[in-house]
Amino acid sequence: MTLKRFTAPPEDGFIPPSSPDPPTYETCIEAIGDKKNTMLAYDRNPGPATAGKSFYNYDSEEWNSECSLGFGLYPNPLRQGSGGAPTPEGQPWVARILVKCPDIPRMMREGFHWTDENILPEEGYIKLEREEKAFRWKRNYFLADLQHPRRWVARVFVEASNLKTLSDFKLSHHLSKATVIWCRAWAQAWGKDNLMIYNFEYDDPEYSFNAIYDDMPLDGWWPWPKAGEGK
């Protein structure tokens, strides 16, 4: 199947309403295959280093909202602290995924999917925290939905005690659904923030819930519930 190539989108990243319907997420992934550095059907144009502009300063009121979905990830979720919960102690790194999405129920229905092709490489950076703590080095990645208009944007930050760990870090290699230790989603409507609508706890399944769709199986990076699984 041949994808139509669209003209470059305007600076805000959206294709004008008069443009043809964009390809689906799955179609884009099939077209990309294993090729690297391939421009997608909507002609993403690499720009200057912007340190997360698409995430922090998106030119739309709905995208300037707080994060509505978050993940915590450890490379070894089985490593437990004194209280029996997964602990960052002894881990080579810890990671968080923070997602801005104006329609979380839609993401539940369609699944939350991303690969290396979603990374916006020109926006990433590494920072050394001034505060003395175990994980002082922080690498920031920024991701965006392949569809236009975008359904979500995300920030992934990985913390480590040394720069070498972060310089060698590869999202698709080091992060996986098996490393998710918690996941939470919040409602953002009627001026009410921080109202939890979804929760997953790796070490305590009884605290997992979906206040929107109950036990409906969720695809992609949603850690629970999966088809054929209960609490």
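Here, residue 1 is the first one in the sequence, and each next residue gets the next number.
At least one side-chain heavy atom of N76 sits less than 4.5 Å from a side-chain heavy atom of Q91. Put simply, the side chain of I126 reaches to within 4.5 Å of the side chain of W137, judged on heavy atoms. By the 4.5 Å heavy-atom criterion applied to side chains, D145 and V153 are not counted as neighbours. Y213 has its side chain within reach of R109: a pair of non-hydrogen atoms, C-beta onward, lies under 4.5 Å apart. Taking the side chain as every heavy atom from C-beta outward, V94 and V158 never approach each other to under 4.5 Å. Y74 is not listed as a side-chain neighbour of Y202, based on a closest heavy-atom distance of 4.5 Å or more. For the pair T115 and L171, the minimum side-chain heavy-atom distance is 4.5 Å or more.
Nearest heavy atom pair, residue A211 against residue F209, reads N-CD1, 3.9 Å. Closest of all the heavy-atom pairs between L98 and G70 is CD2-CA, 4.4 Å. Closest approach of L73 and S176 over heavy atoms only: CD2-O, 3.9 Å. Smallest separation of non-hydrogen atoms from D214 and W224: O-CH2, 4.3 Å. The heavy-atom pair separating P102 from R151 by the smallest distance is CD-O, 3.5 Å. Between H174 and F169, the shortest heavy-atom contact is CB-CZ, 3.3 Å.
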**Request:** Evaluate the side-chain contact (heavy atoms from CB on, under 4.5 Å) criterion for residues W152 and L69: first the C-alpha distance (whole Å), next the side-chain angles of each, then the deciding distance (0.1 Å), finally the verdict.
**Result:** CA-CA 10 Å; W152 58 267; L69 176 63; over 6 Å; no
**Request:** Begin from the C-alpha positions of W93 and L175 and carry the test side-chain contact (heavy atoms from CB on, under 4.5 Å) through to its verdict.
**Result:** CA-CA 11 Å; W93 53 263; L175 299 189; 3.5 Å; yes
**Derivation and outcome, side-chain contact (heavy atoms from CB on, under 4.5 Å), residues W182 and D204** = CA-CA 10 Å; W182 59 260; D204 199 344; over 6 Å; no
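In this structure, W221 and F71 have perpendicular ring planes: the angle between them is above 60°, well past the 30° mark.
Between the side chain of E201 and the backbone N or O of E206 there is no donor-acceptor pair closer than 3.5 Å. Using modelled atom types, no side-chain atom of N210 and backbone atom of D215 make a donor-acceptor pair closer than 3.5 Å. A distance-only check finds no donor-acceptor pair linking the side chain of D168 to the backbone of T165 [under 3.5 Å].
To the nearest 0.5 Å, the span separating OG on S68 from CD1 on I197 amounts to 8.0 Å. Distance check: H113 NE2 to M107 CE gives 9.5 Å after rounding to the nearest 0.5 Å. The structure places CG of N162 at 9.5 Å from NZ of K164, a figure rounded to the nearest 0.5 Å. For the atom pair CD1 (I104) and CD1 (I212), the distance works out to 9.5 Å, reported to the nearest 0.5 Å. Note: C101 SG to M108 CE = 9.5 Å, rounded to the nearest 0.5 Å. A distance of 8.5 Å separates CG in L166 from OG in S161, rounded to the nearest 0.5 Å.
Residues that satisfy the side chain to side chain contact (heavy atoms under 4.5 Å, CB included) test with K138, not counting sequence neighbours, are E129, N140, R155, F157, E159. The side chain to side chain donor-acceptor pair (under 3.5 Å) test applied to Y141 returns R139, not counting sequence neighbours.
Results of the side chain to side chain contact (heavy atoms under 4.5 Å, CB included) test with L218 over F200, F112, Y198 single out Y198 as the only residue that passes.
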